Amino acid sequence: MPELPEVETAVRALRAPLIGRTILSAHFPEPPRRMTNLPPELFAERISGEPIRALTRRAKYLIFQLGGQSLIVHLKMSGHLYVVPRERADPMDRWLRVRFPLDDGTELRFSDARRFGRVYLAARPEEVLPPLGPEPLDDSFTPDQFLARLRKRKGVLKALLLDQAFIAGVGNIYADEALHIAALHPLRRAESLSDAEAERLYHAIRQALSEGLARMGASIGWYRQPNGERGEAQHYLRAYRGRGDRRPCPLCGTPICTIRVGQRGTHFCPTCQPPP
DNA sequence: CGGACAACCTGGCGGC
DNA sequence: TGCCGCCAGGTTGTCC
C-alpha cells in the first residue's frame with residue numbers, strides 16, 4: 001500500500017535512471033480501462049518525444065515534469081514503476097499495464113496487478129490532482145498550521161488522518177502508526193483534543209512518516225522498491241498489523257486490537273491508546 | 001462537513 | 001490437497 005514513504009522512495013530511486021531521458025512512446029499491452037485520462041492512441045501521441053525534466057511527489061502521486069506537460073501516476077494498491085533494458089527478453093511481467101520506451105535503450109514500466117493504478121497526462125498537474133492538504137514532511141508544515149487546520153475539523157482521528165485534503169500522503173499503515181506514537185485512540189474525535197494532544201499528533205505523524213521513509217517504505221502486500229527489493233519498515237510497525245501478524249504492542253505487550261473505522265482496518269493498543 | 005457505503009479489482013489467504 | 005469465498009485498500013462518487 002504505497003503511502004508517502006513508499007512513493008517518495010520510488011521517486012528518489014527513479015530519478016537517476018530517468019532524468020534527462022526522452023520518452024519515445026507509450027504502449028499498452030491490453031486496452032486500458034479506467035487507467036488513463038486519454039485514449040491510448042492519443043496518450044502515446046502526446047507523450048512521444050517528451051523529455052523527462054524532473055520527477056517529484058505530491059501526496060501519493062508521482063509527477064513527471066515533461067516538456068510542456070506532466071505525467072501523473074498514482075500507484076494505488078499494487079502499482080509498481082521500474083526501469084529495465086528494453087531489448088532483453090526478460091520474463092514477461094504478468095501485470096504489465098504500460099511500457100514507456102526511452103532513448104537510451106531502457107524502458108519505464110508500469111505494472112499493476114489490481115488495476116487500481118492511474119496514469120494521467122495533463123498540461124498542468126492541478127488539472128488532475130484532487131484537493132490536497134499540506135505535505136507533512138515539508139518545513140512549511142508547522143505545529144501552528146496543523147493546530148489551526150485541526151480546529152476546523154470534527155470527526156474521528158483515524159478518518160481525519162486518511163483525508164488527503166486534510167494532510168497529504170498518510171494512508172492506513174502510517175495513520176495507525178501515528179496514532180500509536182501519539183498515544184491517541186483512533187476513535188478519539190478531533191474536536192476533543194487538547195492543544196498538547198494535537199501537538200503530540202503533529203510530531204507523531206512526522207515521526208511515523210520519517211521512519212518509514214528512512215527504512216525505504218513498508219513492504220506489506222505488493223509494495224517493492226523500483227529495484228524489486230523490499231522496504232524494511234514493516235519490521236518496525238508499532239500498531240499496524242497485516243494478515244496473520246499477531247505481534248503485541250511493542251511498548252507494553254498487550255495484544256493489538258483490530259476494529260473497523262470508516263471501512264478501514266484499524267489497529268491500536270488498548271493500553272497505550274485509551275478509548276475515548 | 002461528516003459519515004456510511006458501494007464501486008473499482010484481483011491475488012492470496014482462511015476456512016472447510 | 002483442493003476449492004470457495006472473502007478480505008485488503010486509495011480514491012471517487014452517491015446519498016443522507
Side-chain angles (χ1 to χ4, degrees), chain A residues 1-8 10 28-37 57-63 72-81 93-98 110-120 122 125-133 135-136 148-179 186-193 209 212 217-224 230-231 233-234 237 239-246 256 258-267 276:
Chain A
M1 304 88 213
E3 305 177 25
L4 188 155
E6 289 76 25
V7 178
E8 182 63 30
F28 300 82
E30 300 169 33
R33 301 185 217 175
R34 270 160 279 265
M35 183 172 58
T36 61
N37 64 331
R57 178 194 57 76
R58 176 76 174 106
K60 301 168 191 169
Y61 294 84
L62 297 99
I63 300 176
I72 300 106
V73 177
H74 198 303
L75 303 173
K76 293 287 180 84
M77 319 299 303
S78 56
H80 181 55
L81 283 168
D93 184 335
R94 182 180 168 193
W95 300 298
L96 187 61
R97 305 299 176 207
V98 200
F110 179 65
S111 173
D112 183 22
R114 299 293 264 292
R115 296 180 188 270
F116 275 26
R118 295 293 182 265
V119 175
Y120 307 107
E126 303 79 65
E127 291 175 18
V128 296
L129 296 184
L132 295 167
E135 283 291 330
R149 294 177 63 81
L150 185 75
R151 290 303 179 218
K152 294 178 187 166
R153 301 293 297 259
K154 297 175 184 172
V156 297
L157 290 179
K158 176 63 185 282
L160 187 61
L161 293 185
L162 293 177
D163 183 352
Q164 300 299 296
F166 175 66
I167 187 166
V170 177
N172 208 39
I173 295 174
Y174 295 100
D176 286 354
E177 291 303 294
L179 289 168
L187 290 178
R188 281 288 300 277
R189 301 187 66 87
E191 61 270 32
S192 79
L193 294 196
L209 295 172
S219 281
I220 287 178
W222 297 87
Y223 171 73
R224 298 294 182 276
R230 292 170 170 268
Q234 68 276 11
L237 297 177
Y240 182 88
R241 294 291 179 261
R243 280 190 174 186
D245 185 350
R246 302 264 177 267
I256 293 292
T258 299
I259 59 175
R260 290 199 76 80
V261 182
Q263 313 301 111
R264 279 287 161 313
T266 298
H267 316 79

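As the structure is a computational prediction, the values presented were derived from the model and not from experiment. Reminder, nothing fancy here: chain letters follow the sequence lines and each chain counts from 1.
For A:Ser192, the side chain to side chain donor-acceptor pair (under 3.5 Å) partners two or more places apart in sequence, or in a different chain, are A:Arg188. Residues meeting the salt bridge (Lys or Arg N to Asp or Glu O under 4.0 Å) test with A:Glu127, sequence neighbours left out: none. Shown here are the side chain to side chain donor-acceptor pair (under 3.5 Å) partners of A:Ser78, two or more places apart in sequence or in another chain: A:Asp112. Annotation: side chain to side chain donor-acceptor pair (under 3.5 Å) contacts of A:Asp245 (sequence neighbours excluded): A:Arg247. Legend: residues meeting side chain to side chain contact (heavy atoms under 4.5 Å, CB included) with A:Pro29, ordered by chain and number and at least two apart, are A:Leu96. When the side chain to side chain contact (heavy atoms under 4.5 Å, CB included) test is applied to A:Gln263, no partner is found at least two apart in sequence or on another chain. Residues satisfying the side chain to side chain donor-acceptor pair (under 3.5 Å) criterion with A:Arg243, sequence neighbours excluded, are absent altogether. A search for side chain to side chain contact (heavy atoms under 4.5 Å, CB included) contacts involving A:Ala168 returns A:Arg58, A:Ala59, A:Glu135, not counting sequence neighbours.
Of the residues near DNA chain C, A:Arg260 and A:Val128, the one whose nearest nucleotide (by heavy atom distance) lies more toward the 5' end is A:Arg260.
Scanning both residues, A:Leu160 and A:Ala190, for their nearest heavy atoms gives CD2-CB, 3.8 Å.
Within the structure, every pair that satisfies the salt bridge (Lys or Arg N to Asp or Glu O under 4.0 Å) test and touches residues 155-174 of chain A, not counting sequence neighbours, is listed here: A:Arg153-A:Asp163, A:Lys158-A:Asp176.
Read 5' to 3', the first and last nucleotides of DNA chain C with an atom closer than 4.0 Å to a heavy atom of chain A are C:dC7 to C:dT12.
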Let me have a per-nucleotide readout for nucleotides 1-14 of chain B, 5' to 3', with B, S or -, counting only protein heavy atoms under 4.0 Å.
-SS-B--BBBSBB-
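Among the atoms of the strands shown, only primed sugar atoms or phosphate atoms (P, OP1, OP2) are found under 4.0 Å from some heavy atom of A:Tyr240. Among the protein residues, A:Gly242 comes within range of no part of the nucleic acid, since none of its heavy atoms lies under 4.0 Å from any strand. Looking at heavy-atom distances under 4.0 Å, A:Pro2 makes no contact with the nucleic acid at all.
For the helix from B:dG2-C:dC16 to B:dC16-C:dG2, the terminal axes (five pairs an end, C1' atoms, rotation from four pairs onto the next four) enclose an angle of 50°, given to 10 degrees.
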